[in-house]
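Read the structure below first, then the notes.
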Number of protein chains: 2
Amino acid sequence: MIEREFFLGFIKIHILYHASKEPIFGVGIAKELSRHGYYLSPGTLYPTLHRLVKEGYLTQDSKLVGGKVRKYYTITDSGLEVLKQARDKIRELVDEVLDRR
Amino acid sequence: MIEREFFLGFIKIHILYHASKEPIFGVGIAKELSRHGYYLSPGTLYPTLHRLVKEGYLTQDSKLVGGKVRKYYTITDSGLEVLKQARDKIRELVDEVLDRR
DNA sequence: CCTGCCGATATTGCGATACGATATTATATT
DNA sequence: AATATAATATCGTATCGCAATATCGGCAGG
């Protein structure tokens, strides 16, 4: 896919956004993203989630669902802060790129 | 800087957008981007421009300006196509992340 | 003129990232 | 017990990001 270089940040913002609405988990968010036409292979998805945890934007906690461990991710204050910044940048991008000025 | 991971794609879209309005060159686009609070060091800017050329989104041609060679970049049809896709994705991002539904 | 500065582009080197492929773990189905 | 399915994890390689550094040609000021 050609798009990746331009839209990978979009995907990460989506992840933060969904995590701000409710706890998310790997496969769940992958399906959610695919509804928007974004596809992340496990080799990208999991390292990304882990990095977002390491950087303090998400927290992780394990839950047993149907006998299987599932890792849920929830947004942190720091993550909400980045999401707020993202909203501002998106508005700016809209004003600029969509010619609304 | 935290933002980079999320917003680098934004920067590239800005570059394509400006290149669609008029030919751009390295230092010029760097200044333009800084008006939006985006800063690209030469080590990022030039490889990025070259890659966009290699991938067929921009074309490069040299011009003499004040006795010095300056490399101007112009958008290609393929670049315009990505820009169109970007507009759609941005609208989608706005609808989703800015809670306008 | 020459020395240093400025505008502009290029390159190097290393650490971080992206991602397909593969593995792992556990339950459910046949 | 074999197969499928759900979910997460990891490995290896290629690519990217970026600060630092280099280059190159004008243009002062002295």
Side-chain angles (χ1 to χ4, degrees), chain A residues 1-16 18-19 22-34 37-74 82, chain B residues 1-16 18-19 22-34 37-74 82:
Chain A
M1 291 290 148
I2 286 161
E3 327 183 323
R4 285 297 188 291
E5 180 170 6
F6 297 95
F7 303 126
L8 218 114
F10 286 26
I11 295 181
K12 290 175 187 171
I13 291 169
H14 267 286
I15 291 176
L16 285 188
H18 286 296
E22 60 190 347
I24 58 173
F25 64 100
V27 171
I29 193 72
K31 279 182 189 150
E32 183 63 35
L33 290 172
S34 74
Y38 296 122
Y39 301 95
L40 275 194
S41 77
T44 305
L45 176 60
Y46 291 102
T48 297
L49 288 172
H50 295 166
R51 202 168 51 254
L52 292 177
V53 169
K54 206 183 73 186
E55 287 166 354
Y57 304 134
L58 298 176
T59 54
Q60 188 198 60
D61 62 314
S62 302
K63 271 180 194 157
L64 265 168
V65 178
K68 277 167 282 190
V69 173
R70 198 183 275 178
K71 310 288 179 65
Y72 277 96
Y73 299 87
T74 311
V82 169
Chain B
M1 287 295 144
I2 286 160
E3 325 185 323
R4 285 298 190 290
E5 181 169 5
F6 295 94
F7 304 127
L8 224 124
F10 286 25
I11 296 181
K12 291 175 188 170
I13 292 170
H14 267 285
I15 291 176
L16 286 188
H18 287 295
E22 59 190 346
I24 57 172
F25 64 100
V27 171
I29 193 71
K31 279 181 189 153
E32 185 63 33
L33 290 172
S34 73
Y38 296 122
Y39 300 96
L40 278 193
S41 76
T44 304
L45 177 60
Y46 291 103
T48 296
L49 287 173
H50 296 164
R51 201 168 52 255
L52 293 177
V53 169
K54 205 182 75 186
E55 289 166 352
Y57 303 133
L58 298 176
T59 55
Q60 190 198 58
D61 62 313
S62 302
K63 271 179 195 156
L64 266 169
V65 178
K68 278 167 284 189
V69 174
R70 198 183 274 178
K71 311 287 179 63
Y72 278 96
Y73 299 88
T74 311
V82 168

Among [options], which nucleotide sits nearest the side chain of [X]?
X	options	value
A/Arg51	C/dA26, C/dA18, C/dC19	C/dA18
A/Phe25	D/dA7, C/dA8, C/dA10	D/dA7
A/Pro47	D/dA9, D/dT10, C/dA10	D/dT10
B/Lys12	D/dA7, C/dA10, D/dG17	D/dG17
B/Tyr46	C/dG7, D/dT8, C/dT11	C/dT11

[X] side chain N/O closer than 4.0 Å to the phosphate oxygens (OP1, OP2) of [N]?
X	N	value
B/Thr44	D/dC18	yes
B/Arg4	D/dC18	yes
A/Lys31	D/dA6	no

Original post:
So, for A/Ser34 and A/Tyr39, which heavy atoms are closest and what is the spacing to 0.1 Å?
Top reply: CB-CE2, 3.4 Å

**OP:** State, to 0.1 Å, how close A/Pro47 and A/Pro42 come at their nearest heavy-atom pair, and which atoms those are.
**Re:**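 Reported closest heavy-atom pair: CD-O, 3.5 Å.
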
Nearest-angstrom distance from the residue atom [atom1] of [X] to [atom2] of [N]:
X	N	atom1	atom2	answer
A/Lys71	D/dA9	NZ	C1'	8 Å
B/Ile15	D/dC16	CD1	P	14 Å
A/Glu5	C/dT17	CD	P	16 Å
A/Arg70	D/dA9	CZ	C1'	16 Å
B/Leu45	D/dC18	CG	P	11 Å
B/Leu64	D/dG26	CG	C1'	12 Å
B/Leu40	D/dC16	CG	P	15 Å
B/Leu49	D/dG17	CG	P	12 Å

Original post:
If you find the nucleotide of DNA chain D closest to B/Ser41 and the one closest to B/Glu55, which residue's nucleotide is nearer the 5' end?
Top reply: B/Glu55

Original post:
Should the ring pair B/Phe7 and B/Phe10 be called parallel, tilted or perpendicular, given that the plane angle runs from 0 to 90° and is split at 30 and 60?
Top reply: tilted

Subject >> Residue whose closest nucleotide on DNA chain C lies nearer the 5' end, A/Lys54 versus A/Pro42 >> reply: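 Mapping each residue to its closest nucleotide by heavy atoms, the 5'-most match is A/Lys54.
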
Original post:
Starting at the 5' end of DNA chain C, which residue's closest nucleotide do you reach first, A/Tyr39 or A/Gly67?
Top reply: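 Result of the comparison: A/Tyr39.
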
**OP:** For B/Leu8, answer base if it contacts any base atom (sugar-phosphate contacts may also be present), sugar-phosphate if it contacts only those atoms, and nothing otherwise; contact means non-hydrogen atoms under 4.0 Å.
**Re:** sugar-phosphate

Original post:
Is the gap between the ring centers of A/Phe6 and B/Tyr57 under 6.0 Å?
Top reply: yes

Original post:
Within 45° of the axis and under 6.0 Å from the centre of the six-membered ring of B/Phe25, does NZ or CZ of B/Lys71 qualify?
Top reply: no

